[in-house]
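Worksheet: the structure to be examined is printed underneath.
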There are 2 protein chains.
Amino acid sequence: MVFRKNNVLSASQEDYLEAILNVADGSGMARSTDIAVSLGVAKPSVTGAIKLLAHRGLVNYKPYGCVTFTQKGFSQAGRVAQRHEIIKSFFMDVLGVDAAVAQKAACKAEHLLGPVIISRMRDFTNLTKRNARRRRNPTRIAKVKGAKR
Amino acid sequence: MVFRKNNVLSASQEDYLEAILNVADGSGMARSTDIAVSLGVAKPSVTGAIKLLAHRGLVNYKPYGCVTFTQKGFSQAGRVAQRHEIIKSFFMDVLGVDAAVAQKAACKAEHLLGPVIISRMRDFTNLTKRNARRRRNPTRIAKVKGAKR
DNA sequence: CAGGAATGTTAGTTATGACTAACATTTTGT
DNA sequence: ACAAAATGTTAGTCATAACTAACATTCCTG
C-alpha cells in the first residue's frame, strides 16, 4: 500500500466517508462489513479505503477494530452528506423526480458539483418549498406582519 | 490493447465522442492532435481511445488518418452533446450561474444524470425562459386569446 | 524532391480502485 | 472454554485510463 500526497478527496473516498457516517448513525463507530454492504463493495476494498482515510487523518484505524472519525474526518463527512441532501432535495422538490431517482443521482453528483451550484440549489429548494406552503395556506402567511412578497 | 465486451460507454469515452464532434465541427473529421488539445490529454491517450471507439463501431479508424464518425457514433455523440447543452442551459438560465461554471459542471454531470432528470431540466429551462419573455413583454402575451395566467 | 517539422503510434509505466482466495482474529453459542 | 461462525486482513490480480520516451509516417517548404 503506497500513499501519495494529494489534498483532494476522490469520489470514492467521499463515498466511504459518507458510508461511515450513515452506518455509524450517531454511535460514531462503523464496522467494516456494514460499510461494505452499504456501498456494495467487497470487504477488502473497505480495508484499503479505511487505511487511506486513516493516513489522511480522517478516521482512526486499528486492525480488527471499529472505524471512528477524527474531528477533521467528521466535519468532512458532514459536508459531503450535506451536499448530498441539498442535491437530493433539489431533484425531488424542485424537479419533482421520485425519491429513488433523486437519491441515486445525488450519490453521483455530490462529488462533482461545485459550491456555487450547490448553494443555488439550496436556495431554490427553499424558495420552492416556501411557495408551496404559501399556495397551500395563503391566509396564514399573508397575515404575517411585514412578510416579504 | 485488449477489448472487453461492455455496452455502456464510460465517461471518458463519451468525452472523446463529444470532443470529436466539437473538433470536427461540421467537417465530420477530426485530427488526433486537436482532440488531444480539446480534452487536455496527451496524444497517445487519444490513439488508445479512438481504437476503442472504433472497436465499438462508433468511429472509423485508419492509422495516420483522420477520425470520422459512423452513423451510430454520430448519433451517440449527438445525444451526449444534447445532454451537455440541456444541463448547461439549466445551470445558467434556471440557477443563474455564470457560463464558465455551468460549462465545467455540465462536462462532468452529463455522464451521470439519467433521462428523467435531464428531461425535467429541459422542461424547466424552457419554462423559465418563457416566463422571462413574458415578464419583459407582458402585453403581447396578455392579449393572446384564452392565455392561461 | 529531400529533409525537417508536424503528426500519429507503440511500448512500457503508473495510479486508482475494484476483485478473489486464503489466512488471521474476534465473537458467540452451547 | 472452546469450536464454529462472523468479521477483518493480506497478497495477488485485473480493468481503466492516464502518462513519457522513442519510433513511424505524413506534410510542407526551400
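Keep in mind that the numbers below use all heavy atoms, side chains included, and drop hydrogens, waters and symmetry copies. Each chain gets a letter, A, B and so on, in the order the sequences are listed, and its residues count up from 1.
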For A:Tyr61, does the OH atom sit with more than 12 other heavy atoms under 6.0 Å from it, leaving out its own atoms?
->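 Counting other residues, nucleotides and ligands, OH of A:Tyr61 exceeds 12 neighbours.
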Between [X] and [N], is there a side-chain N or O to OP1/OP2 distance below 4.0 Å?
X: A:Thr33; N: D:dA6; value: no
X: B:Gln13; N: D:dT16; value: no
X: A:Tyr16; N: C:dG17; value: no
X: B:Lys51; N: C:dT10; value: yes

Starting from the 5' end of DNA chain C, give me the residue, A:Leu52 or A:Pro63, whose nearest nucleotide shows up first.
->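 The residue whose closest nucleotide sits nearer the 5' end is A:Leu52.
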First of A:Ala11 and A:Pro44 reached from the 5' end of DNA chain C, by closest nucleotide |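 Going by which nucleotide is closer to the 5' end, it is A:Ala11.
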Give a yes or no on whether a salt bridge exists between A:Asp123 and A:Arg120, defined as a side-chain N under 4.0 angstrom from a carboxylate O.
->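 No, A:Asp123 and A:Arg120 are not salt-bridged.
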Is any side-chain N of the basic residue among B:Lys88 and B:Glu110 closer than 4.0 Å to the acidic one's carboxylate O?
->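 Salt bridge absent between B:Lys88 and B:Glu110.
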Tell me the interatomic distance from [X], atom [atom1], to [N], atom [atom2], rounded to whole angstroms.
X: A:Asp15; N: C:dG17; atom1: CG; atom2: C1'; answer: 12 Å
X: B:Leu39; N: D:dC19; atom1: CG; atom2: P; answer: 10 Å
X: B:Tyr61; N: C:dT7; atom1: OH; atom2: C1'; answer: 12 Å
X: B:His111; N: D:dA17; atom1: NE2; atom2: P; answer: 11 Å
X: A:Asp34; N: D:dT7; atom1: CG; atom2: C1'; answer: 10 Å
X: A:Lys43; N: C:dA21; atom1: NZ; atom2: P; answer: 13 Å
X: A:Arg31; N: D:dA5; atom1: CZ; atom2: C1'; answer: 13 Å
X: B:Ile35; N: C:dT9; atom1: CD1; atom2: C1'; answer: 14 Å

Which listed nucleotide ([options]) is nearest to the side chain of [X]?
X: A:Ser12; options: C:dG17, C:dT7, D:dA17; answer: C:dG17
X: A:Ser45; options: C:dA18, C:dT20, C:dT10; answer: C:dA18
X: A:Tyr64; options: D:dG8, C:dG8, D:dT20; answer: D:dG8

With a non-hydrogen cut-off below 4.0 angstrom, is A:Phe3 in contact with a base, only sugar-phosphate, or nothing?
-> nothing
Indicate, with a heavy-atom threshold strictly under 4.0 Å, whether B:Thr47 touches base, sugar-phosphate, or nothing.
->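 It contacts base atoms.
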Take A:Thr68 and A:Asn60 through the side chain to side chain donor-acceptor pair (under 3.5 Å) test and state the conclusion after the steps.
-> CA-CA 5 Å; A:Thr68 56; A:Asn60 305 115; 3.0 Å; yes
Indicate the ring-plane relationship of B:Phe3 and B:His55, choosing parallel, tilted or perpendicular according to the 30° and 60° boundaries.
-> parallel
